[in-house]
Amino acid sequence: MNETIERYESNVRSYCRKWPATFATSKGPFMYDEEGNRYIDFFDGAGTLNYGHNNPFIKQAVVDYLMSDGIIHALDMTTSAKVAFIETLQERILKPRGLDYKVAFPGPTGTNANELALKFARKATGRTEVWALMGAFHGMTLGALALTSDTYSRDGAGLPLVGTRHMPAPYTLPGLDALAYMEAVLADDHAGASKPAAIIVETTQAEGGIQVLPSDFLKGLRELCTRHGIVMIVDDIQVGCWRTGTFFSFERAGIKPDIVTLSKSLSGIGTPFALTLVAPEFDVLGPGEHNGTFRGNQLGMVAAKAAIDFSLDTDFASTLKSKSILVKELVQGIAAKHGLEWRGIGMIWAIEMNDGKLVLDTIHKLFDRGVICEACGRGDSALKLMPALITDEDVLREGFAAIDEVLGEVLGH
């Protein structure tokens with residue numbers, strides 16, 4: 001551990017404990033420490049670097065903007081960068097998918113995008129309770145944290161988390177029809193629950209263990225929300241921006257959420273940026289009713305426009321499908337070899353080890369071999385695999401070969 005970090009940074013630091021190196025540079029799917037050691041990044045900034053580290057296409061747009069003395073900070077004033085981003089988002093992403101959303105700029109983080117979504121839903125419906133699913137992670141500020149289900153995160157709040165109720169996810173209780181359960185709660189005046197303003201869902205729960213929610217469930221949830229006048233919110237912060245194979249993760253289900261939240265890889269280069277996309281009928285907040293000094297990060301807008309252009313104007317999309325197939329084959333092969341379960345979609349996967357200590361040991365041994373991975377799921381019992389979407393196939397094979405080798409060591413095979 002770096003002596004400066006050990007001595008001066010707060011105990012709340014997290015990721016640097018798993019990967020004890022001082023990183024200096026990065027490019028594409030690789031990070032390099034101060035000694036020049038190379039690491040294959042299968043963590044990907046928790047889904048923030050889908051287009052790779054220092055993507056040259058996106059970086060050039062940001063550099064050009066900086067060198068032109070473009071506006072850096074403007075609150076929510078109208079700027080050339082803002083207009084260009086909104087027009088690109090509308091014309092290249094939303095309209096081709098038949099999506100009609102107003103674009104709201106919260107603070108520059110995913111949790112703030114979800115806080116704004118909650119405000120829209122609660123004011124539009126006049127109701128206060130919001131339903132989330134067991135296994136959910138929606139952020140660490142109080143409103144979003146109330147939606148988050150893991151005990152460790154919730155305990156950090158230091159006070160009761162109110163206004164939310166957690167419903168079973170489709171995989172939570174074998175044999176339980178989660179949608180039927182929700183319908184029963186809504187119909188029963190002795191269920192002890194109020195009709196919610198909104199139901200928020202990650203179509204694939206990332207921190208929950210890479211739990212891919214079935215498309216039929218998502219369609220049914222959309223229908224339930226429509227029937228009962230409940231706002232459907234999709235949190236696409238970690239699994240959006242092509243991570244599951246399409247720009248929005250819900251496209252596979254053919255649904256249109258009322259509100260969608262985005263952040264992480266939205267800017268494509270690690271620049272803080274977040275959006276709350278809201279259907280016009282729920283765009284009910286007054287001017288300044290949600291505010292923040294760094295909402296509408298200008299560099300984030302420049303980078304996000306470039307990221308959309310990169311994804312559509314290069315061979316990115318055409319290679320993503322073949323890479324996703326390869327990653328699925330590699331994960332399935334390794335998991336089967338070692339007698340482990342696997343879950344995933346697109347370029348986000350988990351190998352279930354059912355033991356958090358074994359996962360942590362695996363992460364440390366992989367780091368020693370130059371591969372960065374993270375944990376997820378109940379008790380951090382699964383190895384989380386999120387390569388950058390631009391990772392070449394030979395690098396993918398190299399990284400997964402290391403995973404195969406380390407699992408053999410850890411499991412004693």
Side-chain ([X]) to main-chain ([Y]) donor-acceptor, under 3.5 angstrom:
X	Y	value
Thr88	Ala84	yes
Arg295	Asn291	no
Glu251	Phe248	yes
Glu202	Val239	no
Ser26	Met31	no

Sidechain N-carboxylate O distance under 4.0 Å for [X], [Y]:
X	Y	answer
Glu374	Lys384	no
Lys305	Glu87	no
Arg369	Glu398	no
Lys119	Glu289	no

Side chains of [X] and [Y]: donor-acceptor distance under 3.5 Å anywhere?
X	Y	value
Thr111	Thr141	yes
Ser215	Arg252	yes
Gln205	Tyr171	yes
Asn114	Thr261	yes
Thr109	Asn112	no
Gln60	Asp64	yes
Thr203	Ser249	yes

[X], [atom1] atom: more than 12 neighbouring heavy atoms under 6.0 Å:
X	atom1	value
Lys27	NZ	yes
Gln332	CD	yes
Phe316	CZ	yes
Lys195	NZ	yes

- Item | Chi angles and distances behind the salt bridge (charged side-chain N to carboxylate O under 4.0 Å, His left out) call for Asp309, Arg92 | CA-CA 8 Å; Asp309 290 338; Arg92 307 207 72 183; 3.0 Å; yes

- Message: Under 6.0 Å between ring centres: does that hold for Tyr51 and Trp242?
- Response: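 No, the ring centres sit 6.0 Å or more apart.
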
- Message: Using the ring centroid of each side chain, check whether Phe367 and Tyr39 are separated by less than 6.0 Å.
- Response: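 Under 6.0 Å, so yes.
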
- Message: For Leu360, give me all partners under side chain to side chain contact (heavy atoms under 4.5 Å, CB included), at least two apart in sequence or on another chain.
- Response: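 If we apply the side chain to side chain contact (heavy atoms under 4.5 Å, CB included) test to Leu360, skipping adjacent residues, the hits are Lys18, His364.
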
- Residues in side chain to side chain contact (heavy atoms under 4.5 Å, CB included) contact with Gln298, at least two apart in sequence or another chain: Tyr65, Ile71, Ala74, Thr79, Ala81, Met301

- Query: Passes salt bridge (charged side-chain N to carboxylate O under 4.0 Å, His left out), Lys264 versus Asp44? Steps please.
  - Reply: CA-CA 10 Å; Lys264 289 189 182 287; Asp44 202 46; over 6 Å; no

- Query: Phe30 pairs by side-chain contact (heavy atoms from CB on, under 4.5 Å) with which of Asn54, Val395, Thr391?
  - Reply: Val395

- Task: Name all pairs fulfilling the ring-ring contact (aromatic ring centres under 6.0 Å, His included) condition that reach into residues 258-306, sequence neighbours left out, sorted by first residue then second.
- Result: His73-Phe294, Phe85-Phe273

- Less than 4.5 Å apart, any side-chain heavy atom of Ile210 and any of Trp342?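 Side-chain contact under 4.5 Å: no.
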
- Task: Could you check Glu352 against Ser381 for side-chain hydrogen bond (donor to acceptor under 3.5 Å, both in side chains), going step by step and ending with a plain yes or no?
- Result: CA-CA 6 Å; Glu352 180 62 61; Ser381 65; 2.7 Å; yes

- Message: Run the salt bridge (charged side-chain N to carboxylate O under 4.0 Å, His left out) test on Arg378 and Glu207 for me, step by step, so that the C-alpha distance in whole Å, both residues' side-chain angles and the decisive distance to 0.1 Å come before the verdict.
- Response: CA-CA 9 Å; Arg378 273 73 171 174; Glu207 302 310 312; over 6 Å; no

